[in-house]
Amino acid sequence: MTAKKLLLIDGNSLMFRAFFALHNALDHFTNHDGLHTNAIYAFKNMLETVIKQEQPTHILVAFDAGKTTFRTVKYANYKGGRAKMPSELAEQLPYMREFLDSYGIKWYELKDYEADDIIGTLAKEAEAVGFSTTIVTGDRDLTQLTTTKTTVQVTVKGVNQLETYTPAHVKAKLGIEPGQIVDLKGLMGDTSDNYPGVTKVGEKTALKLLTQFDSIDNLYAHIDELKQSKMKENLINDKDQAYMSRDLARIRTDAPLKVQLDDTIYHGPDQAKLIEFYKAMDFNAFLAQLDVTTGTATPQMQNNAMYTLLNGDNLDVLQQLKQPISLIIEMLDDNYHTATLDGFVLGSEGHWYVSNDISLLQEPTIKSLLTDAAIKKSVFDLKRTYVALNRLDIKLAGVDFDLLLASYLLNTNNNSNDLGEIARLHDYTQVETDEAVYGKGAKRQIPADQKLFFTHLANKARAITDLRLPLSDQLKQHAQWDLFIDLEMPLAIVLADMEIAGITVDAQRLTTMQGEFKQRLAQIQKNIYEIAGTEFNINSPKQLSEILFEKLQLPVIKKTKTGYSTSVDVLEKLRSASPIIDEILNYRQISKIQSTYVEGLLKQIHPDHKVHTRYLQTLTQTGRLSSVDPNLQNIPARLEEGRQIRQAFIPRHKDWEIFSSDYSQVELRVLAHISGDENMQAAFRENRDIHANTAMKIFGLDRPEQVTPNMRRQAKATNFGIVYGISDYGLSQNIGITRKQAKQFIEAYFEQYPKVKTWTEAIVQTAREQGYVETLLHRRRYLPDIHSKNFNLRSFAERTAMNTPIQGSAADIIKIAMIQMAQKLKAEKLQATMLLQVHDELIFEAPKSELPILEKLVPSVMDSAIQLDVPLKVDSGHGATWYDVKA
DNA sequence: GTAGTCACG
DNA sequence: ACGTACGTGACTACC
């Protein structure tokens, strides 16, 4: 006899999860009747994952029967104040049941009881007859049902990550037994279910009390033993409430169910019904997964594109291709500056031409097709494709669609670089992921069977062709078409040219520095070992903390997940405690410079004496670029010691210089513009020192002379805080004041800049209502966590709602400037070359003779990139090396 | 592969 | 009561 395994699903809880998991894509998930289907879609995926994982013999999905239950009879406010179910979800309920029916899964609801009670009762019955049971829910309260035979899986993030609770896990996590959870809830109450518990008692206090007294009963039996305190008073006053809350929290295991365990046997889906259901829902991707003839679900049936192998003799077929033509230059390695070109594919609508003979690209037929701006082409990752072809001296032109860029703009959360994965995000399954075909890590390679490789290439090209129209439509619907066509697409070429140009690095200079730093590190290391009285690895936080906090017994300031923190802010506080601290800080600083910037950079220099970074154009959530291999956006600047690294960045010719322009306070100017705050706008219009201005306002001063450097520093931090989505705690940590003071700062700030306050509130509200926020150019960021019950996740989403429009609009602005700058340099036939972008700064190399031109041209392009209600300000400088560029 | 630390805007 | 500043990438240690 095989072991019986029961799967119990908290239908309401998971349905909500499923609904909000795809809340972003609510509009996208509607069937031909206009019915929303997102919750059903996500629920189905989740259900299949769990069934596959658990292999149950029995399944039941429990639902809540209605608003009133025995709990609301006991306590009228139970679950009061809850927002009512969104209508987009409510309309899916009947279909959810139909889905379960066709999937052969029993579902059940019972008047006056909640889903929890059905689950509790069945779990108990199942246990009595020797089943093992798994409960899946989004509600932590169900962990009270955990036993040796019953595990509870709680969704953590989204829907597919589950945290498994066994009695041991409950104990490890909370320090109490599963059975004590009701006592815990009794004492602490539950805000989301809206019952009170004991005044001022939260989880921490409640757990402390339970470790001492085990249960509410025992606590009250010994209440006299507690020392006189406010808490004791509260416990006594709220005794009835505590007992009531405990009873509300307790899940019933004796509900009068009209369903037997035998009714929950899982036989699998009714194929015919399921097909009908998927058709009704327009779940075409799911339909495709069903093998209709055998009536069982099979792995993805892939319909492969037919391809033709190109050779030297059949290239003329390409001239028959209909436009737009999809193009892929395949490289397995990430770094397209150096990766081997493994093959290519060209084609459109049913005609796919592939080859692994790269030399064919040089044939006039193909080369002219690629370089002709009048022949329209679609690609996946324009910058990558352009750079690869440039290595063959082919100037790619005529690309008017990039699937990767389009997908990124539609949802910045989808930051995969894999065509197959991205296609799936858009419900297109007729192409494998690269990982599936090539493998990953050390095993990544072209498949031994060439047919597999060519088929994959053809499928990829077909995916680009098939997704071009729908994604273009979506961009237009989102008002993002201009952002796509006029900004990101042209920018890809500008960035490609910058990467190709590269920046020259003086390896000699770095090697000299390497020697110096090596000596200094050896000396500091010696000092540290002397003070510590032993040798150890200073680079190991673990070994270092043993020395500091155990051997030397320094006070512990902060802990990390795994031990003691040894970060700068901790060490700063310990400075006076031991001379070893200064030495360690010094060691850290220099070894960082040595390993990351001196040695790290040396490794990245190409034979042309340059480094060629790659800008990631589709990674950040805000629209900024990022830079890798090497990262040239975090070259030291703040401290002199590190700043000297910039001496190694030099122009490519003698008699040339490095020239740089940067926006001054661009983010605050953006804030002044979008908030419409008159006071802040006036400060910028009158070209005042914004931080001093803020200091005067929040400290109530009349004259700028009264602003002390410390006031300005605090005001500056407050300005930054606002941009980051202010919190009193964050600000207090940053400038070392109390939380209360920080709160007063923020209040004073908002009084002086009232519209900034209104704007922050409005943007958070906007995020709640539409599920996303936008930049000036309609770059969009979805914030699903804005509705989270989890305080941390929700707060983070709220800060992000404030920060993203600011940071993202600043990113939009400099991107416009870059495109216009590239055009100007070309139009004016200047030799000056744009090399780097560092978020608010553009860096060039140029013959000295062109410097006077650049000094006018670059700032004028940058400050007129966009018209705001406040002026943009740009500072410039130049010098023999990057280090010598000073404004 | 993850965590801790630190470099930048 | 909760426990944080926003956005990144690279290096080292350790499992």
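In what follows, every heavy atom counts, from backbone to side chain, and hydrogens, waters and symmetry copies are set aside. Order of the sequence lines fixes the chain letters, A, B, ..., with proteins taken first and strands second; residue numbering starts at 1 for each chain.
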Which part of the nucleic acid does Ala717(A) contact within heavy-atom distance under 4.0 Å: base, sugar-phosphate only, or nothing? base
Short side-chain N/O contact to dA1(C) OP1/OP2 from Thr205(A), under 4.0 Å: no
OP1 or OP2 of dG4(B) under 4.0 Å from side-chain N/O of Thr562(A): yes
Scan residues 623-631 of chain A against DNA chain C and write down, sorted by residue number, each residue with any heavy atom closer than 4.0 Å; if none is found, say none. Arg624(A), Ser626(A), Ser627(A), Val628(A), Asp629(A), Asn631(A)
N/O (side chain, Thr560(A)) to phosphate O (OP1/OP2, dG4(B)) under 4.0 Å: yes
Of the nucleotides dC14(C), dC6(C), dG7(C), which has the atom closest to the Lys542(A) side chain? dC14(C)
Please tell me if Thr566(A) has a side-chain N or O lying less than 4.0 Å from either OP1 or OP2 of dT5(B). yes
Base, sugar-phosphate, or nothing for Glu203(A), non-hydrogen atoms under 4.0 angstrom? nothing
Sugar-phosphate, base or nothing in reach of Arg588(A), heavy atoms under 4.0 Å: sugar-phosphate
Check for a donor-acceptor pair, side chain of Thr412(A) on one end and backbone N or O of Tyr408(A) on the other, with a separation under 3.5 Å. no
Ignoring hydrogens and angles, does a donor from either the side chain of Gln807(A) or the base of dC6(C) sit under 3.5 Å from an acceptor on the other? yes
Are Phe745(A) and Tyr749(A) an aromatic pair by the rule of ring centers under 6.0 Å? no
P atom, dA5(C) versus dA3(B): distance in rounded Å? 16 Å
Classify the nucleic acid contact of Ile635(A) as base, sugar-phosphate or nothing, counting any heavy atom under 4.0 Å across all strands shown. sugar-phosphate
Nucleic acid contacts of residues 663-675 of chain A, taken as heavy-atom distances under 4.0 Å to DNA chain C: none
Base, sugar-phosphate alone, or nothing: which one does Val568(A) contact when heavy atoms must sit under 4.0 Å apart? sugar-phosphate
Quick one: label Gln543(A) by what it contacts on the DNA or RNA (base, sugar-phosphate, nothing), any heavy atom closer than 4.0 Å. sugar-phosphate
Could you write out DNA chain C as a dot-bracket string, with dots for unpaired bases, | for bases paired across to another strand, and Watson-Crick or G-U pairs counted at under 3.5 Å? .....|||||||||.
Polar side-chain atom of Gln807(A) near backbone of Thr622(A) as donor-acceptor pair, under 3.5 Å: no
Might you confirm whether atom NZ of Lys610(A) has over 12 heavy atoms from other residues, nucleotides or ligands at distances under 6.0 Å? yes
Please tell me which of the listed nucleotides, dG7(C), dT5(B), dA7(B), lies nearest to the side chain of Pro541(A)? dT5(B)
Taking dT4(C) as the reference, what is the distance to dT5(B) when you measure between their P atoms (whole Å, please)? 14 Å
How would you label the contact of Phe720(A) with the nucleic acid (heavy atoms, under 4.0 Å): base, sugar-phosphate, or nothing? nothing
